[in-house]
Amino acid sequence: QVRLVESGGGLVQAGGSLRLSCAASGGTFKDRAMGWFRQAPGKDREFVATINWRGTVTSYGDSVKARFTISRDDAKNTIYLQMNSLKLDGTAVYFCAGRRVMSSGKETEDYAYWGQGAQVTVSS
């Protein structure tokens, strides 16, 4: 069974940067597309970024384009989300997710495995 554990969340001022990590264990990591989602209080889970199995194709939600970067290190079974120029609306729980297939996906239904989430709070 694939297990995903996020780390790196915390409190940051608006305009600042933060990097989230997601360590995977169990199953085969390198053949899976991975993604990040976030959920703010009272809102639906929102697509943030996705990366295919080789790390050659990435896609981002409109609200984070040009500010966030998703990457993966298969040697460490880890994916990352570098978040720059954070805005107040970036306050949310950020979830790492894994697919069963190689191609990336933008919908929550595309993902079979989920981490427990990491809180990111952006302050003014």
Distance only, no hydrogens: is a donor on one side chain within 3.5 Å (strictly under) of an acceptor on the other, for Lys106 and Thr50? no
Do Thr91 and Gln119 have side-chain N/O donor and acceptor atoms under 3.5 Å apart? no
List the atom of Trp114, the atom of Thr108, and the distance in Å for their closest heavy-atom pair. CZ2-O, 3.6 Å
Distance (rounded to the nearest 0.5 Å) between Thr58 OG1 and Phe68 CZ: 14.0 Å
Check against side chain to side chain contact (heavy atoms under 4.5 Å, CB included), Met34 and Tyr111: CA-CA 8 Å; Met34 302 292 292; Tyr111 292 83; 5.6 Å; no
Does Arg99 make a cation-pi contact with Tyr113, if we ask for NZ or CZ under 6.0 Å from the ring centre and within 45° of the axis? no
Leu4 versus Ala24, closest heavy-atom pair with distance: CD2-CB, 3.6 Å
Could you tell me which non-hydrogen atom of Ser63 sits nearest to which non-hydrogen atom of Glu46, and how far apart they are? OG-OE2, 3.1 Å
Path from Leu20 to Val122 over hydrophobic side-chain contacts below 4.5 Å: yes
If you measure only the distance, is there a donor-acceptor pair under 3.5 Å linking the side chains of Ser17 and Asn84? yes
Please tell me whether Phe37 and Phe47 form a close aromatic pair, meaning their ring centres lie under 6.0 Å apart. yes
Mind checking the OG1-CG spacing from Thr121 to Leu86? Nearest 0.5 Å is all I need. 11.0 Å
Whether the Tyr94 and Arg38 side chains hold a donor-acceptor pair (N or O, under 3.5 Å, no angle test) is what I'd like checked. yes
To the nearest 0.5 Å, what is the distance between CD on Gln39 and CG on Asp44? 7.0 Å
Steps toward side chain to side chain contact (heavy atoms under 4.5 Å, CB included) verdict (Phe95, Val48): CA-CA 9 Å; Phe95 296 91; Val48 174; over 6 Å; no
For Asn77 and Lys30, run side chain to side chain contact (heavy atoms under 4.5 Å, CB included): C-alpha distance rounded to whole Å, both residues' side-chain angles, the deciding distance at 0.1 Å, then the answer. CA-CA 7 Å; Asn77 285 358; Lys30 64 180 179 64; over 6 Å; no
Stepwise, does the side-chain hydrogen bond (donor to acceptor under 3.5 Å, both in side chains) test hold for Ser124 with Gln13? CA-CA 6 Å; Ser124 58; Gln13 283 193 322; over 6 Å; no
Let me confirm one number: the CZ-CG distance from Arg72 to Asn52, rounded to the nearest 0.5 Å. 7.5 Å
Closest heavy-atom pair and its distance - Asp110, Gly105: OD2-CA, 3.4 Å
Heavy-atom closest contact (Ile79 atom, Cys96 atom, distance): CD1-SG, 3.8 Å
Please give me the minimum heavy-atom distance between Ala23 and Thr78, naming the atom from each residue. CA-OG1, 4.1 Å
